[in-house]
Amino acid sequence: MRWSQAFIPTLRDDPADAEAISHRLLVRGGYIRQLMAGAYSQLPLMIRVRSKVAKVIREEMDRIGGQEFLLPALHPAEVWQKSGRWEIMGDEMFRLRDRKDADLALGMTHEEIFGTLSLELRSYRDLPQFWYQIQTKFRDEPRPKGGVLRTREFTMKDSYSFDIDPAGLDASFQRHYEAYERIFARLGLDAVPVEASSGAMGGSDSIEFMVRSDSGEDEVVFCRSCGYAANMERATSRVEDIDDGVEHAGVEKFATPGVRTIGDLADFDGGAPGDHQIKTLVYILEGEPRLVLLRGDHPLVEQKLQDGTGAIEFRPAHPEEIRAALGADPGSLGAVGVKHIPILADLALAGRYNMVTGANDDDFHLRGVNVERDIEVSKWLDLREISDGESCFTCGSSLEVFKAIEVGHIFKLGTKYADAFGINVLDEAGEAQTVIMGSYGIGLERNIAAVVETHHDEKGIVWPVAIAPYSVAITVLRTDVPGSLEAGERLYEQCWNAGLETILDDRDDRPGVKFADAELVGIPFRVTVGPRGLESGVVEVQDRASGVTEAVALEGAVAHLSALIQR
RNA sequence: CGGGCUGUAGCGCAGCUUGGUAGCGCACCUGCUUUGGGAGCAGGGGGUCGCCGGUUCGAAUCCGGCCAGCCCGACCA
């Protein structure tokens, strides 16, 4: 490609609405343009990068025996109703009607469709099957952000495994795990596998691949010493022992006028610090109230509550509902003596006594509460959010919390969809066995953004060679000087002949402009061809990443570049 | 969905308080000079001022409604 003819609309200034580094650089570098919230046009450079990412993914999926499909993005409501997700997905699913007034949806994921196809599997001899596609997904995200990091329309490689038994699923899962590690390594991403919640998809052994980045939306809890790594939605830590002193014989009610928060009660004369309080939250799970108890200073992780209860419909109770349930307003809520509402308690409250909590009587609290003696806990769960510096559950070392981008997610679906769709095969004994599935996803644009987040400098993007839009930029200086452009063009031909993807910057522009563009766009190697060097038959080769420049004989330039790119 | 903010040329912005028919920088086009790190001079093109309505002789500017986008939170494979 000649730069003079290429559509690479680079910008000198950052777009005003871009926050994330990848967002800024991809817009400035002429890779993407926003059409609306959560929808981006992908320009020629972006398409080149994306097709290379896709190539890496295809190679690694094919390597473990994956077979590529392409399924419709447009789905009939029936398959989603069959799996029960027509309702579950709620507002996140784009829905539409066709001319016959039939309900349709734009696919957010493809378990239902692959599941439908898998009905044609007949025998255990056919298994395992690894099916994948690279397809557009539509999700009406409440809040798209970060440029291409979180959009409403994006490309995903999703794959699904089908096995006859759990051992088979374990093996399929493991193969995907390894394929994913290879994919991220080839993309230049340092992706940490972490334990995760499988959320609305249902499943177990959920593992997310996380790339550390301040632009990330997830938080990862990591232990340097033993390697424990988990999403905040799931992470646990060791709770330090707290001295509750001498146990009170009974519960004592006391007046706490104006006290509404944990902080108020900690400051209140006769109150108690947060770690000696019981925080009482009211949630509505599947339409029914539940009390959720945590230590006063511990935040709730809603995902843990959802995972722990299996609830699908799920929200904090409204003030009226709280008053109806407990007879008091938030600020004086408690679980002591509550029998009519199931109580879910965080494990950090186990064994605690001399605790303070609300009395279910406005402006009154209780002290001397022994959790296990005074509260009828229906279910103990891990519900609290851990924080940086707490001790690792397994090894006791200090835990680190960092922000990360979820670049991939693999999990075991089990028989959820197979049951819903009746997917089964005959086993060796000739008996029908329900097929057991796994699901594995990688978001292409998000991965590209993650690469930019982790591979850039003050001048622009620094692509790994494997996914750079071009490997080499030939920057011709003084296109007006006879011989300059011709030398560049010859080198350009030779590069392509040698299989090097090259762009020839033949624009009649100032050197600074051309250097800056090549750097912003992030081409790994730049060859500077100009009269100054040509006098002695020399061009300059610069490594984008290191900035190292070396003079190379024009004749040996292609071989030199090939060698650099092989490395 | 709650809170905050913004919509004026491709990008970044000023003008709005105090109404008089739109401007700056970059980018773009032409010419000349220039050219190893974002050139100079001269000339030029480009805008339904987000949309609809109202007030007014007159609205980018004032008023009302709507839409869109961004940020924080909620939410979210």
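Order of the sequence lines fixes the chain letters, A, B, ..., with proteins taken first and strands second; residue numbering starts at 1 for each chain.
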*Under 4.0 Å between any heavy atoms, over every strand shown, what does A:Met156 touch: base, sugar-phosphate, or nothing? Just pick one.*
base

Among B:rG38, B:rU35, B:rC76, the one nearest any side-chain atom of A:Ala516 is B:rG38

Taken to the nearest whole Å, CG/A:Leu477 to P/B:rU35 is 13 Å

Is there a donor and acceptor pair, one atom on the side chain of A:Glu519 and one on the base of B:rG38, closer than 3.5 Å? no

Taken in chain and number order and not counting sequence neighbours, the residues that satisfy side chain to side chain donor-acceptor pair (under 3.5 Å) with A:Asp508 are none

Any strand, both distances under 3.5 Å, Watson-Crick or G-U wobble: B:rC62 pairs with B:rG54

Could you go through the salt bridge (Lys or Arg N to Asp or Glu O under 4.0 Å) check for A:Arg234 and A:Glu195 one step at a time? CA-CA 7 Å; A:Arg234 198 189 153 98; A:Glu195 293 177 23; 3.3 Å; yes

Taken to the nearest whole Å, CD/A:Glu141 to P/B:rC70 is 13 Å

Notebook entry, point to check: When only distance counts, do a donor and an acceptor, one from the side chain of A:Arg507 and one from the base of B:rG38, lie under 3.5 Å apart?
Noted result: no

Tell me, please, whether A:Phe402 has A:Arg212 positioned over its six-membered ring: NZ or CZ under 6.0 Å from the ring centre and within 45 degrees of its axis? yes

- Task: Mark yes or no for a side-chain to base donor-acceptor pair under 3.5 Å between A:Gln34 and B:rG69, with no hydrogen or angle criteria applied.
- Result: no

Extract all donor-acceptor atom pairs below 3.5 Å that involve side chains of residues 529-541 of chain A and protein atoms in other chains or at least two apart in sequence.
{"from": "A:Ser536", "atom 1": "OG", "to": "A:Gly533", "atom 2": "O", "distance (Å)": "3.2"}

Here the distance between atom P of B:rA77 and atom CE of A:Met93, to the nearest Å, is 13 Å

Does the B:rA27 base have a donor-acceptor partner in the side chain of A:Arg12 within less than 3.5 Å?
no

As its Watson-Crick or G-U partner within any shown strand, both distances under 3.5 Å, B:rG31 has B:rC41

Could I get a table of every N or O pair under 3.5 Å where one atom is in the protein and the other is in nucleotides 12-15 of chain B?
{"from": "B:rG12", "atom 1": "OP1", "to": "A:Ala16", "atom 2": "N", "distance (Å)": "2.9"}

Quick note, A:Thr109 side chain, CB onward, closest among B:rC70, B:rG37, B:rA77 is B:rA77

